[in-house]
Amino acid sequence: MSQQHNHSGLTRRQLMKALGAASLLPLAGGVGSFAIGGQHAGRVVVVGGGFGGATAAKYLKRANPAIEVTLVEPAETFYTCPFSNLYLGGLRGLDKIAHGYDELRDRYGVRVVHAMAEDVDAEAHRVTLSSGESLDYDRLVLSPGIDIRWNALEGYDEAAARKAPHAWKAGPQTELLRGQLEAMEDGGTVVMVAPENPFRCPPGPYERASLIAHYLSQHKPRSKVLILDAKDNFSKQGLFTAGWERLYGDRIEWVGLSNDGRVTRVDADRLEVETEFGTRHQADVLNVIPPQKAGWIADRAGVTDDSGWVPVKPETFESQRVEDIYVVGDASVAAPMPKSGFCANAQAKVVAAAIAASLESRPAPDAYWSNTCYSLIGPEYGISVAGVYRIQDGHIAEVEGAGGLSPADAPDSTRALEAQYAVGWYNAICQDTWGTTPGTA
Amino acid sequence: MKRVFHRMSAGLMGALLLAGVTPALADDAFSPAQLEVMAGGCANCHGTDGRLSGNVPAIAGRPAELLASRLLAFKHESVPDTTIMDRIARGFTDEELTALAQHFADIYPK
Ligand SMILES: Cc1cc2nc3c(=O)[nH]c(=O)nc-3n(C[C@H](O)[C@H](O)[C@H](O)COP(=O)(O)OP(=O)(O)OC[C@H]3O[C@@H](n4cnc5c(N)ncnc54)[C@H](O)[C@@H]3O)c2cc1C
């Protein structure tokens, strides 16, 4: 058995494949330009070192180590949105949602450049960076995540976000919100504004409300959470509602679209919001989750459509508009897959395989994707929704009979088990994406 | 592919044959690149190559027969100790699950 394996942990088949690909290099077709002497099997630039980008870089190198992979990401430390709600609830330190790029650089040989990609010349196949450097590519992967549509919600601009944080990108915004929760006096109301679909992490606002309620129940027992929602339905709604009742009584109040829940104006100075039919709500802490779009570099690359998101070819996630640019993660239109870190990671693996194949003029393997979104309603109360996805009739479709929700009638022991598996999932996906598992607290 | 054959228990063989899967097919029907993609989602909970052990069990390097019988049971039977694998396994054909079992069995665990 052991002779089948080598130190990198690749199976014999994977190793033979990698060696095979490298030795065939000078014969490989379909690559725009080779370094003299056939040093590499094509140049791939990946923009964004989050769930989609870091995974794409790693799995490109796993598919074929001879591909020259450059990852462009401004931050040296990446803070995950997943589990940032645990930080907000006082259940986890910020350092336990922090990840870096050592594994990609040292173990996989990815060139990691800490800069911003500022422009894409699709014609010339070139990306310009904030550092002044420019990078030529044969294939480009964009995984820039989301940007906020400032002012799409009246009164909510960058200045407003310094008083009423969105905390929908993890880091300073998350710290700001946590500080406000800590500073709030007992008896206060935390108002959360939730957006219409589509947006990053459909269950995210409701997990956040849950874990803020957990914190309040421990430290500020007379306080409450009010969610004002632009929708009438939300992800895992039945499970959340039952869990809220079970753990928090009436501490969390949810007001949907039909009950005048849609916020149309934000006054961040006064911590006040106004709804469609003119109801004003006063907050002690105001968390606005605003409308979103694909990260702006996607606009520069010319791949977004009028919706602000990026239409892609379902089989490969290559842009429908611009050749040789692949877009994964939240920026892409991948429904029925949700905008989750799990999906960004899963899409990136399919893209890595498709690019490795196209650089060798092989057909791409068939796509397989899956998703599981765990949500914690309390530290020992977890729920999940899962899906398995394939191509059907040229579209991404959920495999019938698979996936679905945690059972509605499960005992507390099952909720506790799912809460543990949620932590297992977080450790695994971070290990898979950045090579680091932060442990539990 | 011969490996799969003699590692498999009679019971599992029976189950596979009933399901219309022959062991030879199970290993060879998918290219290595195809298997890597098929197994991609498993890493999100079991770690890269299925090697992370924590409260979610590691699956790398464990006998193909055991992995296959677990996966097929998650899909077809009502397994008492499953929270999520039943929902995931139902997204794959029996042939795919058997190939995944062999794929992870072939990976050195550490
Ligand atoms: C509160 C909350 C909880 C969540 N919980 C979960 C969960 O439990 N499970 C789950 O699966 N998902 C969860 N998500 C969703 C998850 O965070 C996203 O779906 C995921 O981050 C998407 O990955 P991505 O690669 O598209 O973007 P990101 O992970 O955001 O990565 C984008 C990266 O691109 C970089 N970038 C952007 N523009 C440029 C540029 N021009 N040049 C260079 N770099 C650039 C950014 O700096 C960033 O690092 C949650 C989200 C939130 C907000």
Side-chain angles (χ1 to χ4, degrees), chain A residues 1-2 4-6 9-14 16-17 58-59 62-63 341-342 345-346 348-350 353 356-357 362 364-372 374 382 384 386-390 398-399 401-406 410 414 417-418 420-421 423-425 427-429 431-433 435 437, chain B residues 3 7 27-64 74-76 80-93 96-97 99-100 102-110:
Chain A
M1 177 108 204
S2 63
Q4 285 179 19
H5 304 285
N6 57 85
L10 298 176
T11 64
R12 182 178 41 85
R13 281 185 307 218
Q14 286 169 325
M16 275 166 50
K17 211 210 126 247
K58 170 167 164 175
Y59 277 78
R62 281 169 55 94
F342 194 124
N345 170 296
K349 288 168 182 165
V350 174
R362 280 187 287 115
D366 291 341
Y368 286 75
W369 305 276
S370 52
N371 178 60
T372 301
Y374 284 106
S384 59
V388 180
Y389 307 89
R390 300 293 315 271
E398 227 179 313
V399 176
L405 297 162
S406 307
T414 303
L417 206 50
E418 285 222 274
Q420 286 175 26
Y421 288 146
V423 175
W425 162 79
N427 286 339
I429 195 173
Q431 182 276 325
D432 191 43
T433 307
T437 52
Chain B
R3 288 191 319 261
R7 275 195 212 161
D27 198 26
D28 276 2
F30 305 103
S31 70
Q34 184 62 72
L35 275 168
E36 175 93 355
V37 167
M38 199 188 289
C42 314
N44 294 27
C45 295
H46 293 280
T48 302
D49 290 323
R51 293 157 126 200
L52 192 68
S53 58
N55 49 24
V56 179
I59 50 178
R62 297 175 57 194
F74 285 135
K75 179 177 168 185
H76 293 292
D81 61 339
T82 179
T83 55
I84 190 79
M85 283 309 299
D86 52 345
R87 289 181 265 164
I88 292 170
R90 286 199 296 267
F92 296 87
T93 65
E96 288 166 342
L97 291 174
L100 282 168
Q102 186 64 52
H103 170 79
F104 284 108
D106 279 348
I107 295 170
Y108 188 65
K110 264 280 163 309

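Lettering follows sequence order; numbering is per chain, from 1. Computed from a predicted model, the values in this text were never measured in an experiment.
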Closest non-hydrogen atoms of Ala402(A) and Arg90(B), given as atom of the first, atom of the second and distance, are CB-C, 3.6 Å

Chain B contact via Tyr389(A) - side chain, backbone, both or neither, heavy atoms under 4.5 Å
neither

Heavy-atom pairs under 4.5 Å with chain B, option from Ala348(A), Gly387(A), Ser384(A) with the top count
Ser384(A)

Rounded to the nearest 0.5 Å, what separates atom OG1 in Thr48(B) from atom NZ in Lys58(A)?
3.0 Å

For Ala428(A) and Gly47(B) the tightest heavy-atom approach is CB-N, 3.6 Å

Say you draw a straight line from OH of Tyr374(A) to SG of Cys45(B); how long is it, rounded to the nearest 0.5 Å?
5.0 Å

Closest non-hydrogen contact found for Ala386(A) with Ile84(B) is CB-CD1, 4.0 Å

Using every non-hydrogen atom in the two residues, find where Gly41(B) and Ser370(A) come nearest and quote the distance to one decimal.
CA-OG, 3.6 Å

List the atom of Arg87(B), the atom of Val388(A), and the distance in Å for their closest heavy-atom pair.
O-CG2, 4.3 Å

How long is the straight-line distance from CG of Asn427(A) back to CG of Leu52(B), given to the nearest 0.5 Å?
7.0 Å

Rounded to the nearest 0.5 Å, how far does CG of Asn55(B) lie from CH2 of Trp425(A)?
13.0 Å

Side chain proximity check, Thr83(B) to Tyr421(A), heavy atoms < 4.5 angstrom
yes

Considering only heavy atoms, which portion of Thr433(A) lies under 4.5 Å from any heavy atom of chain B: side chain, backbone, both, or neither?
neither

Do Val37(B) and Tyr59(A) have side chains that approach each other closer than 4.5 Å (heavy atoms only, starting at C-beta)?
no

Heavy-atom pairs under 4.5 Å with chain B are the metric here; pick the option from Ile429(A), Val399(A), Asp432(A), Thr372(A) that has the most.
Asp432(A)

